[in-house]
Amino acid sequence: LFAPTEHWLLFYKDINSRQGDMQFLLPKKSTAILGAKVLVSLLQTVILYGLFFTVVPYCERLAVNNYGFATGHVGKILDTIIEMMHSANATLTPVIGVWLSLLVTVLLFSNLGLFIMTIPLPSGLDKLRGTVRVAGYIVAFALITFVEMKIKDLLLFITSSPTVGDVFEIVYLVGVNLALFFGTAKLLDKKMDI
């Protein structure tokens with residue numbers, strides 16, 4: 001959660017400070033500027049996840065071997081995933097599917113936060129602005145997830161194939177991310193228009 005949260009804070013500073021205004025005065029489209037911000041957030045998230053899933057299990061194993069601590073939780077999770085893949089003779093396709101799903105979900109966290117931040121609120125909500133944005137984020141995320149689950153359940157009922165639901169999940173989340181991205185860019189055009 002650290003990477004998207006830091007991304008939101010930087011974006012909030014960018015759209016509410018003079019320093020950030022300078023970025024949007026560049027002769028570039030807001031989609032290019034926003035795309036660069038989303039790409040940086042995505043790369044930061046991938047690097048942090050990679051470090052977490054390589055360094056933490058190593059540290060846990062050192063603690064278990066050298067100090068007799070209880071078995072580490074992250075190491076157990078990774079061992080279980082690897083064991084399941086070996087026992088199921090998993091091909092590369094489901095592994096890529098899992099990582100794609102994780103990637104578009106992380107993008108959803110970031111893009112939804114950026115979209116919620118760019119929505120103009122009435123001036124009477126100055127003291128409640130943060131609370132309204134957090135509540136809006138939670139409601140929007142719950143709604144997106146609810147629609148996804150209902151359609152996945154319907155597809156599973158119709159086709160009896162979990163793979164169809166998994167493919168739909170990735171396609172759906174990519175579509176939602178694109179809609180949020182272009183919606184944010186449109187709102188930024190209006191907000192930063194001089």
Side-chain angles (χ1 to χ4, degrees), residues 1-8 11-12 30-31 34-50 52-53 73-74 76-121 130-190:
L1 293 175
F2 169 76
T5 305
E6 184 192 13
H7 186 214
W8 300 334
F11 183 75
Y12 183 79
S30 59
T31 51
L34 186 62
K37 291 182 177 303
V38 170
L39 182 62
V40 166
S41 172
L42 184 64
L43 290 173
Q44 178 185 16
T45 303
V46 168
I47 290 169
L48 284 173
Y49 274 60
F52 179 78
F53 282 112
H73 296 293
V74 176
K76 276 185 179 177
I77 292 170
L78 288 176
D79 290 343
T80 304
I81 292 170
I82 292 169
E83 188 178 306
M84 285 172 28
M85 289 170 58
H86 283 298
S87 66
N89 293 324
T91 61
L92 194 56
T93 306
V95 174
I96 291 172
V98 167
W99 285 107
L100 275 176
S101 179
L102 180 64
L103 188 67
V104 292
T105 302
V106 167
L107 274 173
L108 178 65
F109 286 140
S110 283
N111 286 333
L112 183 59
L114 300 184
F115 181 75
I116 295 292
M117 271 189 246
T118 54
I119 294 174
L121 294 175
T131 306
V132 169
R133 292 197 191 279
V134 169
Y137 181 89
I138 292 169
V139 168
F141 189 79
L143 183 64
I144 291 167
T145 306
F146 177 77
V147 169
E148 175 194 342
M149 286 181 357
K150 289 300 177 187
I151 295 175
K152 257 180 98 169
D153 289 346
L154 180 64
L155 287 172
L156 183 60
F157 178 74
I158 293 170
T159 64
S160 299
S161 172
T163 306
V164 172
D166 294 341
V167 170
F168 164 77
E169 176 185 8
I170 293 171
V171 170
Y172 172 76
L173 290 177
V174 165
V176 169
N177 276 311
L178 286 173
L180 289 170
F181 178 80
F182 287 110
T184 303
K186 189 77 168 167
L187 288 171
L188 277 174
D189 284 339
K190 288 181 182 178

Taking the side chain as every heavy atom from C-beta outward, state whether [X] and [Y] have any atom pair closer than 4.5 Å.
| X | Y | answer |
| --- | --- | --- |
| Val134 | Ile116 | no |
| Leu108 | Phe141 | yes |
| Leu114 | Leu180 | no |

Inset, instruction - Run the numbers on Val174 and Leu107 for side-chain contact (heavy atoms from CB on, under 4.5 Å), then give the verdict. - result: CA-CA 9 Å; Val174 165; Leu107 274 173; over 6 Å; no

Gap separating the [atom1] atom of [X] from the [atom2] atom of [Y], nearest 0.5 angstrom:
| X | Y | atom1 | atom2 | result |
| --- | --- | --- | --- | --- |
| Phe168 | Leu154 | CZ | CG | 9.5 Å |
| Thr118 | Phe115 | OG1 | CZ | 6.0 Å |
| Leu187 | Met117 | CG | CE | 13.0 Å |

Legend entry - Heavy-atom closest pair, residues Ala185 and Leu34: N-CD2, 3.7 Å

Inset, instruction - Give the minimum heavy-atom separation between Phe181 and Thr31, together with the two atoms involved. - result: CZ-O, 3.3 Å

Inset, instruction - Please collect all side chain to side chain donor-acceptor pair (under 3.5 Å) contacts where either partner lies in residues 132-149, sequence neighbours excluded, each pair once. - result: none

Legend entry - Short side-chain to backbone donor-acceptor contact, Asn177 and Asn111, under 3.5 Å: no

Inset, instruction - List in chain and number order the residues that pass side chain to side chain donor-acceptor pair (under 3.5 Å) with Thr184, two or more places apart in sequence or in another chain; answer none if no residue qualifies. - result: none

Legend entry - Non-neighbouring partners of Glu169 that pass salt bridge (Lys or Arg N to Asp or Glu O under 4.0 Å), sequence neighbours left out: Lys152

